[in-house]
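Worksheet: one structure, shown below.
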Amino acid sequence: MDPAGDPGDVAAAAWSGVHRGPLRAGEWVRLVDGKGRKHNFCLEAGKRFFSNRGHLDHDELIGREEGFTVTSSAGGEYLVFRPLLSEFVVSMPRGAAVVYPKDAAQIVAMADIFPGAHVVEAGVGSGALTCSLLRAVGPHGRVSSYERREEFADVARRNVSQFFGAAEGEAHPAWQLTIGDLAEALPASGERCDRIILDMLAPWDCLDAAADALRPGGILCAYVATTTQMSRFVETVRVHGGFTEPSAWESLVRDWHVEGLAVRPGHKMIGHTAFLVTARRMAPGERAPRKSRRPAPGAYGPDYTGPRADEADPRTDEAAED
């Protein structure tokens with residue numbers, strides 16, 4: 001720490017993906033013009049950035065504190081900052097769709113991802129959620145990611161390395177990426193974990209493997225896109241019996257226009273992206289109390305063909321009420 005009390009740059013051992021101080025070559029910056037158009041690029045001495053508003057020399061940015069305005073050769077003005085994690089993930093190269101920041105934040109909060117936790121992630125996609133999980137568990141935690149497709153894994157490796165500033169060939173110390181199906185690879189690994197995040201088409205196929213790996217009190221979280229996926233996963237968790245009653249929800253984000261007396265909802269919003277479902281693992285041999293509230297009429301009528309928890313549970317309604 002310097003005499004003025006400035007702690008200097010964030011310690012590299014923190015693996016935060018964040019830097020303080022002047023911009024340096026090798027760092028990524030985010031330029032935003034007056035119309036809100038965004039450009040992310042890596043600073044390199046001697047290089048130029050080109051847009052429809054002329055060019056900027058990287059050397060004009062290197063060495064300056066972020067949070068300034070720069071003018072291009074054709075008169076375009078740009079605001080210059082280092083990209084936040086939430087900004088990085090929506091503009092990162094993609095192999096698969098990314099988990100948007102609003103959902104990643106919900107997963108970190110509602111699945112209670114904590115420093116030092118061991119988190120298993122199935123379906124690494126482009127690495128967006130992985131970055132949030134790694135930051136949350138810290139260098140002393142573990143994130144074990146499973147991905148079936150090698151091409152998606154390659155994209156995720158590059159994105160995670162880019163965000164955390166890892167040198168070529170260097171991996172985040174808390175991250176292990178395995179190519180394979182979690183339903184088979186996780187039991188074979190013998191791993192025990194605190195949290196499991198399932199981002200896949202059929203998360204119910206991994207439920208038994210997840211239940212065996214989760215420690216009692218651990219949290220299972222599924223990220224699914226459709227109501228049919230959500231329904232099947234929730235009912236399968238109920239049938240399993242080794243978890244608490246699952247909770248399912250979605251989050252919607254709407255910005256607001258605020259200008260003097262003109263205060264109104266924005267015309268654009270981040271609406272449905274996915275549903276989240278969480279449940280906690282019971283201790284071995286224990287079952288959560290059955291729901292006392294009766295289902296809505298017709299909920300499990302002749303048209304319903306999915307799993308039925310009341311048929312799987314040997315306890316009678318009278319025994320449950322007692």
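If you read the sequence from its start, that first residue is 1, and numbering goes on from there. What you see is a predicted model; the values in this text were computed from it and never measured.
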Please answer whether the main-chain N or O of Gly180 pairs with a side-chain N or O of Thr178 as donor and acceptor at a distance below 3.5 Å.
no

Pairs under 3.5 angstrom only: tabulate donor-acceptor contacts from the side chains of residues 202-209 to other protein residues two or more places apart or in another chain.
none

Sub-3.5 Å donor-acceptor pair from the side chain of Arg148 to the main-chain atoms of Asp181, do we have one?
no

Counting distance only, does the side-chain N/O of Ser126 pair as donor-acceptor with the main-chain N or O of Val98 below 3.5 Å?
no

Is there a side chain to side chain contact (heavy atoms under 4.5 Å, CB included) between Gln229 and Leu201 once you walk through the steps?
CA-CA 8 Å; Gln229 288 174 301; Leu201 290 174; 4.0 Å; yes

Just by distance, do the side chain of Ser231 and the backbone of Thr228 share a donor-acceptor pair under 3.5 Å?
no

Quick check: does any side chain N or O of Arg135 sit under 3.5 Å from a backbone N or O of Ser16, one acting as donor and the other as acceptor?
yes

By side chain to side chain donor-acceptor pair (under 3.5 Å), which residues pair with Glu121, not counting sequence neighbours?
Thr130, Ser145

Only counting residues at least two apart or in another chain, list the ones meeting ring pair (Phe, Tyr, Trp, His ring centres under 6.0 Å) with Phe163.
Phe88

Less than 3.5 Å apart, which donor and acceptor atoms pair up between the side chains of residues 253-260 and the rest of the protein, not counting sequence neighbours?
none

Of all the heavy-atom pairs spanning His118 and Arg192, show the shortest one and how long it is.
ND1-O, 2.9 Å

Check whether Arg53 reaches the backbone of Ser72 with its side chain - one donor and one acceptor, N or O, closer than 3.5 Å.
no

Using only atom types and a distance under 3.5 Å, with no angle test, would you say the side chain of Asp59 pairs donor to acceptor with the backbone of Gly46?
yes

Residues Arg238 and Glu245 bridged, charged N to O under 4.0 Å
yes

What are the two closest non-hydrogen atoms of Glu44 and Ile62, and how far apart are they?
C-CD1, 4.2 Å

Looking at Asp194 and Gly218, would you say the former's side chain and the latter's main chain have a donor-acceptor pair under 3.5 Å?
no

Between Tyr304 and Pro307, is there a donor-acceptor pair closer than 3.5 Å when you use the side chain of the first and the backbone of the second?
yes

Distance-minimising heavy-atom pair for Ala248 and Val277:
CB-CG2, 3.9 Å

Under the side chain to side chain donor-acceptor pair (under 3.5 Å) test, residues paired with Asp57 that sit two or more places apart:
Arg48

Residue list, side-chain contact (heavy atoms from CB on, under 4.5 Å) with Thr278, at least two apart or on another chain
Ile219, Cys221, Ser247, Trp249

